[in-house]
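We count residues from 1, following the sequence as given. What you are looking at is a predicted structure, and each value in this text was computed from that prediction instead of being measured.
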Amino acid sequence: MVDLKSFEVWFLTGSQDLYGEAALKQVAEHSREIAAHLDGSGLLPVRVVWKPTLKSPEAILDLCREANAAAKCVGVITWMHTFSPAKMWIAGLSRLEKPLAHLHTQYNAELPWDTIDMDFMNLNQSAHGDREFGYIGARLRIERKVVVGHWKDEEVAARLNIWARAACAIIDSRRLKIARFGGMNMREVAVTGGDRVEAQVRLGWSVNGYGVGDLVARMARVSDAEIDGLVGEYEETYAVAPALRKGGPRHADLRYAARQEAGLRGFLVEGGFGGFTTTFEDLHGLDTLPGLACQRLMADGYGFGAEGDWKSCGLVRALKVMASGLPGGVSFMEDYTYHLVKGKERVLGAHMLEVCPSIAVSRPSLEIHPLSIGGKGDPCRLVFDGGTGPAVNVAMIDIRGRMRMVAGELEAVAPDRAMPKLPVARAVWILRPDFKRACEAWILAGGAHHCAHSRALTMAHLEDFAAIAGVELVGIGAKTEIAALKNELRWNDVAYKLAH
């Protein structure tokens, strides 16, 4: 998994030279204290790094260029302690390539009613200094997160936390390489195809095809010692079916699954990839469609998409980065089938093999079963039920020249009964606002059957990610009304045509 503490956001404070050295010294002390508080609170997933007060156009431009070049810097937080004339910020903000959060706060929580004088007023001017800064952000049409409240308020830190996680995912996306084994999506399927060049322009995802033979060749280099190590790890981590254990009739199949995992992992590490896809329509040279390998690589933070679905792969990776260190997990998922008892409607989500164990409610079972598609051998896979609680599903689709995220709020629930004859990992959920409206909204928005599923994240994370990336987001939740959603889709078509 990605360690978000290896990243940092820079805390930038605006002022000007008119206030004198004594006042500017206090500005610096206050801003340093705020940055230190945010950094040491444990409420943000990244480091918060204080930078000296910015008082001139040249200093602002230099700092923004420095932030662009700093690999660890995923974004900047700005605060105008005093009045900072916004013309000074034009050159720097126009060139800033990192995500921006505007913190509208002030040092003191209370007004000193009995002692307040003009010196105090001149020093503590965030109330209008931040409005000046806000104007130039609007004038330049810069996408930014605005967070309002006192800097010691945990709600302020919580909102910055969400933004920082999205910023980390954006920076990771801009460097993301995805390997499509077989170099194709499932034949004749519409939604898993798309414009890979537009995705790289908008999100940074570099998606390229590789022959299955390349993977087979890498698997051939896996040593018996590597396989032994993985098999031992499987037996310690999962409830391994007796037939797969040493001496069992299918133990060779487990060793082949371990060879697949080691080969895949080696290929991805050596190529610097953060995600991959497979397809059952191109398995030349493989004995089985990879199952266990895909599940375990996802659990380690890799993006994945089945049937060549590179958009779901990139989305799973982005959500993995955003969710790093949070409970609840992220997985590739597919809306599979319904429970349509009136008033008790449920969705059963699953896939043939590839659901991530990070969403499991209990220790997965490692089993082997036939796969009635692809014409190959029986794959090993982890079987489990997903956990319960508030969750989101999100899909990425192409809408004729632009990308759209379709996201739905839901409640993951336990299955009504056990499913002993369904040998795949699965999750069950209730849709918001209700089954009929949620399904109608998803279909009207063009949402795919593949998605990323997470109990670790909320719609707020997705909103920040989409905003920074410049990607349309259609959110479906408790307040969704179909008439309003139809209008939103119409307005979005106009807005995005004008913007692009």
> Could you tell me which non-hydrogen atom of W442 sits nearest to which non-hydrogen atom of A395, and how far apart they are?
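Shortest heavy-atom separation between W442 and A395 comes out as CZ2-CB, 3.8 Å.
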> Is the W429 ring parallel, tilted or perpendicular to the H453 ring (thresholds 30°, 60°)?
parallel
> Between R455 and G329 (side chain of the first, backbone of the second, donor and acceptor by atom type, cut-off under 3.5 Å), is there such a pair?
no
> Give the intermediate values and the outcome of side chain to side chain contact (heavy atoms under 4.5 Å, CB included) for residues W10 and L63.
CA-CA 10 Å; W10 290 3; L63 196 286; 4.0 Å; yes
> Taking atom types as modelled, is there a side-chain donor on W79 or T105 under 3.5 Å from an acceptor on the other?
no
> Find out whether K320 and C356 are in side-chain contact, i.e. whether some heavy atom of one side chain is under 4.5 Å from a heavy atom of the other.
yes
> What I'd like to find out is whether the side chain of W89 reaches to under 4.5 Å of the side chain of L140, using heavy atoms alone.
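No. Closest side-chain heavy atoms not under 4.5 Å.
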> Tell me, with the steps shown, if F465 and V471 meet side chain to side chain contact (heavy atoms under 4.5 Å, CB included).
CA-CA 8 Å; F465 178 86; V471 172; 5.9 Å; no
> Can you tell me how far apart CG (L96) and CZ (R65) are? Round to the nearest 0.5 Å.
12.0 Å
> Applying side chain to side chain contact (heavy atoms under 4.5 Å, CB included), run through I399 and N492 and close with a yes or a no.
CA-CA 11 Å; I399 299 292; N492 285 2; over 6 Å; no
> K145 versus R159: any side-chain heavy-atom pair under 4.5 Å?
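Touching, per the 4.5 Å side-chain cut-off.
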> Side chains of N161 and L43, heavy atoms from C-beta outward: is any pair under 4.5 Å?
no
> Indicate yes or no for a side-chain donor-acceptor contact from R196 to the backbone of V207 under 3.5 Å, with no hydrogens or angles considered.
yes
> Can you confirm whether more than 12 heavy atoms, excluding those of E154, are under 6.0 Å from its CD atom?
no
> How many angstroms lie between NE2 in H128 and CZ in F83, if you round to the nearest 0.5 Å?
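Spacing of NE2 (H128) from CZ (F83) equals 5.5 Å.
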> With side chains defined as the heavy atoms from C-beta onward, is the minimum distance between E307 and V189 less than 4.5 Å?
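The answer is no; the side chains never approach within 4.5 Å.
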> Return the minimal non-hydrogen interatomic distance between L289 and M352, and the atom names on each side.
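What the structure gives for the nearest pair is CD2-CE, 4.1 Å.
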> If you measure from NE2 on H369 to CG on L353, what distance do you get to the nearest 0.5 Å?
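H369 NE2 to L353 CG: 10.5 Å, rounded to 0.5 Å.
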> Tell me if the NZ atom of K486 is crowded by more than 12 foreign heavy atoms within 6.0 Å.
no
> Any sub-3.5 Å donor-acceptor pair from R363's side-chain atoms to Y238's backbone N or O?
yes
> Does CZ in R139 sit with more than 12 non-hydrogen atoms of other residues, nucleotides or ligands closer than 6.0 Å?
no
> Do the side chain of S41 and the main chain of L38 share a donor and acceptor less than 3.5 angstrom apart?
yes
> Taking E143 for the side chain and I468 for the main chain, is one N or O donor matched with an acceptor at less than 3.5 Å?
no
> Check D464 with R165, please: is the shortest side-chain N to carboxylate O separation under 4.0 Å?
no
> Any ion pair linking R404 and E472 (charged N to carboxylate O, less than 4.0 Å)?
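Salt bridge present between E472 and R404.
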> Using a strict 4.0 Å threshold on nitrogen-to-oxygen distance, state whether E481 and R437 make a salt bridge.
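Result for this pair is yes, salt bridge flagged.
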> Does the side chain of T53 pick up a donor-acceptor pair with the side chain of T13 at under 3.5 Å?
no
> Y107: which residues meet the ring pair (Phe, Tyr, Trp, His ring centres under 6.0 Å) condition with it, sequence neighbours left out?
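Partners of Y107 by the ring pair (Phe, Tyr, Trp, His ring centres under 6.0 Å) criterion, ordered by chain and then number, come out as H30, W151.
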> For the CZ atom on R426, are there more than 12 heavy atoms of other groups (residues, nucleotides or ligands in this structure) within a distance under 6.0 Å?
yes
> Which distance, rounded to the nearest 0.5 Å, do you find between the CG of D335 and the NE2 of H450?
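Reported to 0.5 Å precision, the distance equals 9.5 Å.
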> Can you name the nearest heavy-atom pair linking V474 to A445, along with the distance?
CG1-CB, 4.0 Å
> Step by step, would you call I359 with F384 a side chain to side chain contact (heavy atoms under 4.5 Å, CB included)?
CA-CA 9 Å; I359 71 166; F384 54 85; 3.9 Å; yes
> Counting N and O atoms only, with roles assigned by atom type, does the side chain of E8 sit under 3.5 Å from a partner on the main chain of V49, one being a donor and the other an acceptor?
no
> Is there a side chain to side chain donor-acceptor pair (under 3.5 Å) between R490 and N487 once you walk through the steps?
CA-CA 5 Å; R490 294 186 186 106; N487 281 333; 2.8 Å; yes
> Please name the pair of heavy atoms, one in V74 and one in C168, separated by the smallest distance, quoted to 0.1 Å.
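Taking V74 first and C168 second, the nearest heavy atoms are CG2-SG, 4.1 Å.
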> Distance-only, no hydrogens or angles: does the S312 side chain make a donor-acceptor pair with backbone N or O of G305 under 3.5 Å?
no
> Evaluate the salt bridge (charged side-chain N to carboxylate O under 4.0 Å, His left out) criterion for residues R402 and D493: first the C-alpha distance (whole Å), next the side-chain angles of each, then the deciding distance (0.1 Å), finally the verdict.
CA-CA 10 Å; R402 72 179 190 269; D493 279 341; 2.7 Å; yes
> Should C294 and Y302 count as side-chain neighbours, where that means a heavy-atom distance under 4.5 Å?
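The answer is no; the side chains never approach within 4.5 Å.
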> Using the salt bridge (charged side-chain N to carboxylate O under 4.0 Å, His left out) criterion, which residues pair with D195? Sequence neighbours excluded.
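With sequence neighbours excluded, D195 shows a salt bridge (charged side-chain N to carboxylate O under 4.0 Å, His left out) to no residue whatsoever.
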> With distance as the sole test, does R144 use its side chain to make a donor-acceptor pair with the main-chain N or O of G134 at under 3.5 Å?
yes
> Measure from the side-chain N and O atoms of Q200 to the backbone N and O of S206, and report whether any donor-acceptor pair falls under 3.5 Å.
no
> Should we count CD of E66 as having more than 12 external heavy atoms under 6.0 Å?
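For E66, atom CD is crowded (more than 12 foreign heavy atoms under 6.0 Å).
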> Quick one: closest heavy-atom pair of V156 and V148, and the distance?
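That closest heavy-atom pairing would be CG2-O, 3.8 Å.
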> Just so I know, are the side chains of S173 and W205 near enough to count as touching, which here means a heavy-atom distance under 4.5 Å?
yes
> Heavy atoms, side chains only, cut-off 4.5 Å: are D39 and L44 in contact?
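D39 vs L44: side chains apart.
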> Could you pull out the closest heavy-atom pair between A67 and V76, with the gap in Å?
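Heavy atoms of A67 and V76 come nearest at CB-CG1, 4.2 Å.
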> Which distance, rounded to the nearest 0.5 Å, do you find between the OG1 of T78 and the CG of L103?
8.0 Å
> Say you draw a straight line from OG of S126 to CG of N108; how long is it, rounded to the nearest 0.5 Å?
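One gets 8.5 Å once the value is rounded to the nearest 0.5 Å.
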> Should the ring pair F133 and H102 be called parallel, tilted or perpendicular, given that the plane angle runs from 0 to 90° and is split at 30 and 60?
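If you compare the ring of F133 with that of H102, the planes turn out perpendicular.
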> If we ignore hydrogens and angles and just use 3.5 Å, is the side chain of T458 paired with the main-chain N or O of A460 as donor and acceptor?
yes
